[in-house]
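Numbers restart at 1 for each chain; the letters A, B, ... are given by sequence-line order, proteins then strands. Keep in mind that what you see is a predicted model, and the values were worked out from it rather than measured.
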Amino acid sequence: MSRRTKRRTWASILLYGAAAAYVLFTLLPVAWMVMVSLSPAGDLTVRPLRFIPSQIEFTNYVKLFRFDANSAGHAFLMALRNSTVVAVTATAVALGVAVPAAWAIVRSRGRFNALLMTVLATYMMPAVALLLPLYFVLSSLGLLNHLLGLILVYCAVLVPFVTWFATSAIAAVPDEIENAARMDGASFRDMLRFVTLPLAKGSLATTALFAILQAWDEFFYALLFTSNASAKTLPVTIADFAGGRATDFGLIAASGLLTALPPVAIAVLLQRSLVKGLTAGGVKG
Amino acid sequence: MAQVSLDRVNKSFGAVPVLKDVNITAADGEFLVLVGPSGCGKSTTLRIVAGLETATEGQVFIGGKDVTDLGPGERNCAMVFQNYALYPHMTVAENIGFGMRLRRRSKADIAVASAPVAELLGLGALMDRYPRELSGGQRQRVAIGRALVRNPDVFLFDEPLSNLDAKLRGDMRTEIKALQRRVGKTTLYVTHDQVEAMTMADRIVVMDRGMVVQVGSPLEIYHQPVNQFVAGFFGSPGMNFIRGRSGDGHFVTAGRQGGRVRAPAASGRPAQSGGSLWGSPPHSRLADDGLAMTVRVVEPLGIHTILVCNCEGHEFKLVLPGDAMAAQGSPVRVRFDPQRAHIFPA
């Protein structure tokens with residue numbers, strides 16, 4: 001074996017080693033969660049720990065989908081509804097506000113950049129700094145433990161971030177193409193609808209995904225602004241499962257996995273719509 | 001009837017003035033070319049006619065109607081952009097039909113209206129392609145088709161050929177001019193290329209630093225430039241100039257080498273003291289007397305030979321018959337056609 005091929009062999013060993021470490025590091029916890037969620041309760045308390053369940057059971061999942069009063073299933077399904085309503089509504093509202101704002105910021109050639117930076121600065125603040133003011137506002141509006149209250153808070157968090165992302169999505173659309181549409185007789189709304197948004201679709205979809213994820217996973221505000229099943233979201237509910245006298249690890253693992261499923265599904269769907277090079281060819285590249 | 005006129009149009013971006021008192025009128029059916037170096041305000045002028053920019057002061061009329069406050073979609077102008085500005089997510093057919101789609105015309109209607117335009121521009125086979133699948137020339141043709149299909153009162157072209165290679169540019173030049181003759185619509189065409197301006201225009205508007213410097217037919221502008229800027233901008237090779245002063249019917253160069261030559265009769269503005277002499281390359285010839293120069297480079301082109309000379313540090317070009325001979329480095333004397341030379345004040 002020449003020195004050169006030897007070096008190449010070492011390089012691939014290192015490369016694959018690193019890749020394997022990365023996969024283990026990110027996927028092992030998930031794999032473990034799957035094992036735990038499928039194990040009979042007895043398996044989880046024996047010593048030494050059993051990684052491979054003695055038998056596969058779906059009881060944890062069944063429990064989560066049984067809508068009996070005061071059961072874990074009731075709490076989980078209510079939370080699933082709440083999380084969906086809050087994340088989808090907050091993201092939709094944030095996009096509705098942020099996209100026109102981003103358009104204005106981009107097309108006014110920097111006149112509002114300072115404003116954008118100021119708004120972004122609020123996004124950099126730690127959540128705990130905003131906690132008390134938000135609490136008082138929600139309380140005086142009677143929106144504590146209310147989905148609308150949570151939606152409002154999430155909008156406030158998401159709008160700056162979504163605006164920021166949307167500016168780069170819109171800046172990638174050449175303004176000559178928009179001008180061409182205006183010359184073709186498009187109103188502002190038509191121009192956005194038929195030209196700008198379809199061209200920015202890919203990046204805006206990614207932005208929407210991040211926004212949904214952020215709202216879906218948010219724990220801190222949800223924990224403090226909601227108090228019962230009518231408004232609690234999934235992260236809070238899962239935390240509740242851990243809060244009883246006896247912690248049901250199997251149930252926690254199952255609900256955690258189920259909670260992760262919708263965002264993963266959305267990401268897979270969006271992946272398809274993220275067609276690359278959509279703007280290629282419209283203007284001289 | 002669609003006469004286009006700009007009446008005392010001023011435009012500033014913030015505190016920076018870009019157009020100063022621009023008055024331009026294009027007659028119905030006229031091919032008017034706005035030409036000037038980059039930053040002279042020609043594109044801004046076009047965009048003000050289009051409605052994409054608003055004039056800070058002044059008015060714009062199309063067909064006698066004040067359109068100053070109308071949006072770009074309400075002026076019935078069509079524009080062809082430098083970068084084509086096609087809709088990349090739409091096919092050629094959809095690009096051409098977009099304006100009609102906005103006006104809620106039926107699909108069948110759009111197809112019927114697009115067909116003759118596609119035919120005229122040779123786009124028939126490309127209708128289902130996307131812009132990214134087309135060559136530069138084809139894209140520009142689609143952009144022209146999109147403008148043509150709307151049957152506008154006025155065509156606006158913003159440097160439409162500057163992204164094409166030289167050969168294609170020449171072809172498209174001819175094609176656009178023939179097309180304009182055929183449809184007979186008033187056309188405003190912006191370019192920084194004097195060859196495009198000369199070959200395509202009925203009349204040329206020369207702009208410099210936000211102002212209209214001269215308006216006239218290509219030959220008027222070429223033969224009777226109003227100032228040094230215009231004289232220097234047109235012709236290929238461009239006008240020659242030499243510094244000096246004039247008096248008693250003669251022009252004397254500033255340095256020692258050049259010498260004396262009879263002052264041109266055509267010069268409408270004789271300078272008493274300082275000034276410069278401008279002579280066009282094809283109307284200068286070798287003679288026994290005249291300005292003394294040194295041949296620096298000989299460029300034989302077949303039809304003619306270009307002689308690049310040096311006169312007191314100025315480059316001076318002559319266009320001579322193809323069989324003319326001159327040795328590099330040799331001294332020559334050059335005489336001007338007094339009808340085709342100018343003296344401008346310094």
**Request:** Decide yes or no on side-chain hydrogen bond (donor to acceptor under 3.5 Å, both in side chains) for Tyr189(B) and Gln180(B), but give the supporting numbers first.
**Result:** CA-CA 11 Å; Tyr189(B) 187 106; Gln180(B) 195 268 345; over 6 Å; no
**Request:** Output the distance between atom CD1 (Ile266(A)) and atom CH2 (Trp216(A)), rounded to the nearest 0.5 Å.
**Result:** 7.5 Å
**Fill in**
Okay, Met90(B) and chain A: the region with an atom under 4.5 Å from a heavy atom over there is side chain
**Prompt:** How would you list, in number order, the residues of residues 186-196 of chain A that have a heavy atom less than 4.5 Å from chain B?
**Reply:** Ala186(A), Asp190(A), Phe194(A), Val195(A)
**Message:** Does either side chain, that of Thr191(B) or that of Asp193(B), offer a donor lying less than 3.5 Å from an acceptor on the other one?
**Reply:** no
**Item:** Phe210(A) atom CZ: more than 12 heavy-atom contacts under 6.0 Å
**Value:** no
**Item:** Pairs involving residues 94-105 of chain A, ordered by first then second residue, that meet salt bridge (charged side-chain N to carboxylate O under 4.0 Å, His left out) (sequence neighbours left out)
**Value:** none
**Message:** With a 4.5 angstrom heavy-atom cut-off, is it the side chain or the backbone of Arg75(B) that approaches chain A, or both, or neither?
**Reply:** neither
**Prompt:** Is there a donor-acceptor contact under 3.5 Å linking the side chains of Tyr87(B) and Asp184(A)?
**Reply:** yes
**Message:** Counting only non-hydrogen atoms closer than 4.5 Å, does Ala78(B) touch chain A with its backbone (N, CA, C, O), its side chain (CB onward), both, or neither?
**Reply:** backbone
**Prompt:** In this structure, are over 12 heavy atoms from other groups packed under 6.0 Å from Arg209(B) atom CZ?
**Reply:** no
